[in-house]
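First the proteins, then the strands, lettered A, B, ... as listed; each starts at 1.
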Protein chains: 2
Amino acid sequence: MSEPRQAPHDLEASSSPVIVNQGGAQLAARLEAHWSKPRVISPPKGAPPWDIPPDADMLVTQPGPWLAARAPASAPPGWPFNLRFIQALSTGVDSFPRWMLEGPPLSCARGVAATPIAEFVMAAMLNFEKDFAGLRVRQRDQWKSRPLGLLAGRTLAIAGYGAIGRAIAARGRPFGMRLIALRRSDGPLDPDVARAPDFATLTAEADHLVLSLPLTTQTHRLLNTSVLAGAKSNLHVVNVARGQLIDQEALLAALDEGRIAGATLDVTDPEPPPEGHPFYAHPKIWLTPHISWGDAKSGERAAAKALANLDHYARGEALEDLVEPALGY
Amino acid sequence: MSEPRQAPHDLEASSSPVIVNQGGAQLAARLEAHWSKPRVISPPKGAPPWDIPPDADMLVTQPGPWLAARAPASAPPGWPFNLRFIQALSTGVDSFPRWMLEGPPLSCARGVAATPIAEFVMAAMLNFEKDFAGLRVRQRDQWKSRPLGLLAGRTLAIAGYGAIGRAIAARGRPFGMRLIALRRSDGPLDPDVARAPDFATLTAEADHLVLSLPLTTQTHRLLNTSVLAGAKSNLHVVNVARGQLIDQEALLAALDEGRIAGATLDVTDPEPPPEGHPFYAHPKIWLTPHISWGDAKSGERAAAKALANLDHYARGEALEDLVEPALGY
C-alpha cells in the first residue's frame with residue numbers, strides 16, 4: 001500500500017490515546033500492554049458498534065457486531081465523531097456498511113488468513129480428487145483397490161490473486177497443476193500463472209475453481225447459470241470467500257444435472273443455511289462451517305497486524321492494507 | 001544408474017525375441033505392438049511364475065503371482081534357464097525370493113508411483129491436521145467454528161529419500177514445513193532438507209513421519225517400541241511403503257497410551273488385516289487399502305518403463321533402475 005508518509009500524529013505523545021476495542025478481551029489486554037498510557041474502551045455487549053464515545057481516536061472492530069446489530073443504511077448522527085482511524089480484524093469488509101468504508105481511513109487484516117485458507121483449499125482438492133474421506137477401510141471386505149484421482153495435470157483456476165490466491169498457487173505449483181488466475185487489477189501474476197481475461201473463461205478452463213476474491217457489487221453472484229454453462233463436467237468448485245459470490249440455486253442445478261462434479265463450500269448465503277437446505281445432505285457438496293481461515297494463532301496474527309497499524313498511525317507512517325472505498329475491499 | 005554400456009545384444013536383430021509376460025493382457029498387447037517380431041508368452045493363470053520356457057529371453061513380472069504361488073526358499077531346478085533380463089512392474093521387490101534377485105539383472109519400476117504416493121501423503125497429513133473428514137456439516141446444529149491445525153511450521157520427517165521421498169518434500173516445502181530426511185546412502189538430499197543421522201532421531205524430530213523406504217532385512221520393524229519411546233505426543237505416522245516396517249503391536253500400544261497421536265496406514269502386515277483387527281475400528285488410525293500408488297495411468301507408466309528398459313537391453317544400453325541384490329532394492 002503506497003500511502004504517502006504522513007506528518008506524525010500526536011497519539012503516542014498525547015496524554016491518553018483512546019481506543020474503542022470491539023475485538024474481545026484478549027485483544028484489550030494486548031492493547032493495554034502495548035501503549036504507555038492508552039485508554040481502551042470495551043463497549044458493553046450488544047451495543048451498536050457505531051455508538052462511539054466522542055473522545056475516541058481509533059476503532060478496532062470486526063464483522064460480528066455489525067452483522068448482529070443490522071447497521072442503518074446511512075450514517076447515524078454524529079458519525080464518525082472524532083475517529084481518525086479504523087482497523088478491521090477481518091480480511092473481508094463486505095459486512096460493514098458503505099458509510100463506514102467512506103469514513104476515516106479503514107485498514108483490514110488482509111493476508112492474515114492466507115496460510116490456513118490455502119491449506120484448506122489443498123485439503124479440499126485432494127479430498128475431492130482422491131475421495132480421501134471415502135477411502136477409509138473399517139472392515140475386511142472394504143479392502144479393495146481402485147485408481148485414485150491426481151492433482152497432477154489438473155488446471156487450478158484461482159479467482160482473486162491477492163495474498164490468498166498466491167498462497168494457493170504456491171502450494172498447487174509443485175503438484176504439477178496448471179495455474180490460471182483472474183485478477184481485477186493489472187497487478188502482476190506469477191510467471192507460470194496464466195491470466196484469464198474474464199471469469200467465464202477462468203471457469204471454462206478449470207478442473208478446480210477456487211473463489212478467493214472479495215464480495216463487492218461487481219462480484220455478487222459471479223458464479224451463475226450463464227458461467228456454469230461453460231464449465232467442464234468434472235469441475236470442482238471451492239468457495240473460501242463469501243457465499244454471495246455464488247448463485248446457489250444455479251450451483252445446485254448444475255450439480256444435480258451432472259454438468260459439474262462437486263463443490264466444497266466453506267461459506268454460504270446465509271450462514272448457516274436454514275435447516276433442511278439441500279447443501280447439508282447433497283452427495284456432491286462438502287459443506288464446512290466457515291472454518292478455513294482459523295487456526296490456533298489466527299487471533300494473535302490479527303492482533304499483531306492491528307497493533308502494527310496503530311503504531312504506524314501514531315507515528316505518522318503509511319498505513320498497511322487500507323481499504324479502497326470505491327472498490328469495496 | 002551408472003551401468004557401463006554393454007555390447008549390443010542380438011535381441012532386436014534376432015528372428016524373434018521371446019518375452020514371458022506376467023503383467024496382464026494390456027501389457028501383452030503393448031509388447032506385441034512394440035517389437036517388430038516378438039514372441040510374447042503369457043503363462044496360464046495360476047502357473048508358478050518361476051516356470052519359464054527355456055527359450056525365453058526376458059521376463060516381465062510383478063509381485064502378485066509370486067505372493068500367490070509361495071516361492072520356494074531356493075531356486076527351482078534349471079532357474080534362470082536362458083533368461084537374460086527381468087523387469088519388475090513394481091517399485092518394491094521385497095515380495096520376490098532372494099534367489100530371483102541374485103539371478104539375471106533385475107530392474108524395478110522405481111519412481112513410477114512417486115506422484116500419486118506423494119499426493120496421498122499430503123492428503124493424509126492435511127486430513128490429520130485439519131480433521132478434514134470430520135469437518136463436514138450435515139445439519140444446522142453442526143455449524144460450529146473451531147481452530148484448525150496447520151502444516152505450516154510442522155516438521156515433515158521422511159524415511160527414505162528416493163523418488164517418492166523427494167516428491168513428498170517438494171510438495172511439503174511450500175507449506176512452510178521443516179524438512180528432515182533419512183537416506184541410507186550418502187546420496188544427496190535437497191539443500192533445505194536436514195539429514196537425520198538415524199531413524200530414532202528422525203522419529204524424535206517428527207510431527208509427521210512418512211515411511212517411504214524399501215523393506216529389507218535392515219528395515220524390518222524399524223518403527224518399534226524403542227524408537228516410538230522418543231516420539232512427540234503429537235506424532236502422526238504415515239506408512240505408504242510396507243506394513244512390515246512397523247511393529248504393529250508397538251504402534252497400537254503407543255496410540256492407545258496417548259504417546260503418539262495418529263497413523264495413516266496404507267499398508268499393513270498382513271494385507272488386509274484379519275477381520276476384527278484393531279486397525280479397522282481404531283479412532284486414531286486411518287486405514288486405506290494399499291491404494292496410494294495407483295491412478296488411472298499407473299499401468300501405462302509402468303508399461304512405458306518396462307518397454308524403455310527392454311529397448312535398453314536390446315540395444316546394449318545401460319539398464320535403468322537395476323536392483324542391487326546386496327541391498328535388496
Checklist line | Close side-chain approach of A:P174 to B:P174, heavy-atom, < 4.5 Å | finding: yes
Checklist line | Residue among B:P273, B:S298, B:A167 with most heavy-atom pairs under 4.5 Å to chain A | finding: B:P273
Next item on the list: Could you tell me which portion of A:A124 (side chain, backbone, both or neither) has an atom closer than 4.5 angstrom to a non-hydrogen atom of chain B?
Entry: both
Note to self: Give me the atom names and distance for the closest heavy-atom approach of B:H290 to A:S145.
What the structure shows: O-OG, 4.4 Å
Next item on the list: State the CG-CD distance between B:D295 and A:E129, to the nearest 0.5 angstrom.
Entry: 10.5 Å
Notebook entry, point to check: For chain B, which of A:L126, A:L135, A:L150, A:T288 has the most heavy-atom pairs under 4.5 Å?
Noted result: A:L150
Check: Looking at B:F175 and A:F175, what are the two nearest heavy atoms and their distance?
Finding: CE1-CE1, 4.4 Å
Item checked: Heavy-atom pair of closest approach, residues A:A123 and B:F132 -> CB-CD1, 3.7 Å
Check: Between B:W143 and A:D266, which heavy-atom pair has the shortest distance, and what is it?
Finding: CH2-O, 4.2 Å
Notebook entry, point to check: Taking atom CD1 of A:I285 and atom CZ of B:R138, what is their separation to the nearest 0.5 Å?
Noted result: 11.5 Å
Next item on the list: State whether the number of non-hydrogen atoms from other residues, nucleotides or ligands found under 6.0 Å of B:E271 atom CD is greater than 12.
Entry: yes
Note to self: Under a 4.5 Å cutoff for heavy-atom pairs, which residue among B:A281, B:A133, B:P272, B:G294 has the most contacts with chain A?
What the structure shows: B:P272
Note to self: Are there over 12 heavy-atom neighbours, none belonging to A:W293, within less than 6.0 Å of that residue's CH2?
What the structure shows: no
Notebook entry, point to check: Has B:K297 got more than 12 heavy atoms of other residues, nucleotides or ligands less than 6.0 Å from its NZ?
Noted result: no
Margin query: Can you give me the closest heavy-atom contact between A:S292 and B:L148, atom names plus distance?
Written below: CA-CD1, 4.4 Å
Check: Quick one: what part of A:N127 sits under 4.5 Å from any heavy atom of chain B, side chain, backbone, both or neither?
Finding: side chain
Margin query: More than 12 heavy atoms of other residues, nucleotides or ligands under 6.0 Å from CD of A:Q142: yes or no?
Written below: yes
Margin query: Only heavy atoms, only distances under 4.5 angstrom. Which residues in residues 115-122 of chain B are near chain A?
Written below: B:T115, B:P116, B:E119, B:F120, B:M122
Checklist line | NZ or CZ of B:R140 within 45° of A:Y280 ring axis and under 6.0 Å | finding: no
Next item on the list: Please flag which part of A:K144 lies under 4.5 Å from any non-hydrogen atom of chain B: side chain, backbone, both or neither.
Entry: backbone
Item checked: Residue part contacting chain B, namely of A:R146, when any heavy atom lies under 4.5 Å -> both
Next item on the list: Go through the atoms of A:H282 and report whether side chain, backbone, both or neither lie under 4.5 Å from a heavy atom of chain B.
Entry: backbone
